[in-house]
Amino acid sequence: MRTAWKALTALAAAVLLVLPGAVTAQAAGTPYTKTPVSGSLRSYPVSAVYVAGVSSGGYMATQLQVAYSSRIRGAAVFAAGPYYCAQNTVAQALYGCGDNIYPTNVPALETYTRTWASYGWVDGTANLSGQPVYVYHGANDGVVKTSVTNDLVRYYRDFGASVQYDSGSAAGHAWVTPYGTVGCTQTAAPFLNDCGTDPQRTFLGRLLGAVSPPNTGPLGGTLIRFGQDSFAVNGWANGLSMDANGFAYVPSSCAAGQSCRLLVALHGCAQGHSKVGTAFVDRANLNQYADTNRLIVLYPQAIPTAVNPNGCWDWWGYLGATNYPIKGGAQIETIMNMVRRLDG
């Protein structure tokens with residue numbers, strides 16, 4: 001996602017494509033996939049909601065969790081820093097939340113959080129106490145420096161979250177998955193790195209309490225391609241730098257009415273469908289666990305726009321509104337509208 005971060009520089013100066021379709025798992029590291037089918041989101045018997053994301057998706061995951069901590073009960077964050085790190089400033093996003101030239105100033109971020117909670121702009125911070133959080137940072141990630149992710153861990157722990165920090169990997173800036181197509185230490189599209197490990201098993205176990213082994217055979221659920229416009233707060237997802245379509249993987253057990261959990265999975269910059277097709281959806285190693293653990297996976301999609309050339313999620317205020325990290329933020333509410341539909 002190095003090119004995605006270069007886009008921030010441009011903003012500051014100015015103020016394995018994977019095709020949809022079934023894939024036969026003939027080679028090591030090649031997952032079975034599902035062909036997306038057009039459909040709509042409906043309600044399921046969802047017992048709990050969690051969120052996960054990488055890079056800009058990691059920042060958005062934390063924004064969602066903090067804003068709605070009474071509803072989102074845990075998070076897994078890859079290659080990102082603390083909540084409200086950018087403070088609505090491009091320079092801070094670049095030099096304090098990617099690089100560590102500027103300080104992140106965690107105490108100030110915590111003060112903002114507590115103050116906003118007192119206003120009702122985010123849920124009460126007491127909800128974060130004891131919540132499971134998994135944080136991942138690779139030693140070869142030069143896009144988000146180690147100290148920045150360390151500050152994310154500090155932020156969560158200061159609010160009493162139960163954090164598991166995986167900082168022993170040699171990974172570059174990426175979502176690490178057994179189905180990665182990029183070498184572990186690299187930072188390169190589609191930012192899905194294979195480090196010979198399975199972080200999804202670890203973080204899903206952290207969030208859910210325990211997990212069954214993944215389905216490594218043909219998937220039994222349905223990958224739904226749904227319209228995001230009906231969930232967009234302005235009725236037009238493209239106007240929020242979001243794609244016309246998103247995806248949701250629904251295991252057959254959930255479709256049949258069994259109680260399930262919901263995971264919101266957020267891609268990083270230059271990793272949405274408009275950039276890499278269904279690579280993240282297919283290779284994140286989430287659908288495989290979803291099948292055997294009664295887990296619905298929601299994959300909202302961002303797109304490149306003039307103010308967001310690499311399809312990042314809005315964690316520094318590129319949409320022009322200061323409420324991007326709190327309740328009422330355009331992308332936060334759009335995603336939460338999807339969550340509200342799915343969990344009834």
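Numbers here simply count residues along the sequence, with the first being 1. Small disclaimer: the values here were computed from a predicted structure and weren't measured.
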Item to check | salt bridge (charged side-chain N to carboxylate O under 4.0 Å, His left out) partners for Asp343, two or more places apart | outcome: Arg71
Checklist outcome for this item: From the list Tyr112, Trp116, Tyr68, side chain to side chain contact (heavy atoms under 4.5 Å, CB included) partner of Val122 resolves to Trp116
Checklist entry - Phe159: what forms a ring pair (Phe, Tyr, Trp, His ring centres under 6.0 Å) with it, not counting sequence neighbours? => result Tyr155
Item to check | Pair listing, salt bridge (charged side-chain N to carboxylate O under 4.0 Å, His left out) test, anchored in residues 194-216, at least two apart | outcome: none
Checklist entry - Which residues satisfy the salt bridge (charged side-chain N to carboxylate O under 4.0 Å, His left out) test with Asp123, sequence neighbours excluded? => result Lys327
Next on the checklist: Suppose we screen for salt bridge (charged side-chain N to carboxylate O under 4.0 Å, His left out). Which residues come up paired with Arg340, at least two apart in sequence or across chains?
Outcome noted: Glu333
Next on the checklist: Under the rule for salt bridge (charged side-chain N to carboxylate O under 4.0 Å, His left out), what residues qualify as partners of Arg157, not counting sequence neighbours?
Outcome noted: none
Checklist outcome for this item: Residue pairs meeting disulfide bond (SG atoms under 2.5 Å apart), one or both in residues 102-165, sequence neighbours left out, come to none
Item to check | Residues which pass ring pair (Phe, Tyr, Trp, His ring centres under 6.0 Å) with Tyr102, listed by chain and number, not counting sequence neighbours | outcome: Tyr95
Item to check | Steps toward side-chain contact (heavy atoms from CB on, under 4.5 Å) verdict (Ser274, Gln301) | outcome: CA-CA 9 Å; Ser274 63; Gln301 297 293 304; over 6 Å; no
Item to check | Shared hydrophobic cluster, Met60 / Tyr83 (ILVMFWY, side-chain heavy atoms < 4.5 Å) | outcome: no
Checklist entry - Mind checking what makes ring pair (Phe, Tyr, Trp, His ring centres under 6.0 Å) contact with Phe226, not counting sequence neighbours? => result Phe231
Item to check | Same cluster (ILVMFWY, side-chain, under 4.5 Å), Val135 and Ile72 | outcome: no
Next on the checklist: Keeping Gln271 on the side-chain end and Pro190 on the backbone end, is there a donor-acceptor pair under 3.5 Å?
Outcome noted: yes
Donor-acceptor contacts, no H, no angles, side chain residues 249-264, under 3.5 Å, sequence neighbours left out:
unit_1 : atom_1 : unit_2 : atom_2 : d
Tyr249 : OH     : Gly221 : N      : 2.8
Tyr249 : OH     : Asp291 : OD1    : 2.7
Tyr249 : OH     : Asp291 : OD2    : 3.3

Item to check | disulfide bond (SG atoms under 2.5 Å apart) pairs, two or more places apart, involving residues 184-221 | outcome: Cys184-Cys195
Checklist outcome for this item: Residue pairs meeting salt bridge (charged side-chain N to carboxylate O under 4.0 Å, His left out), one or both in residues 77-96, sequence neighbours left out, come to none
Item to check | Side-chain (Asn323) to main-chain (Ile326) donor-acceptor, under 3.5 angstrom | outcome: no
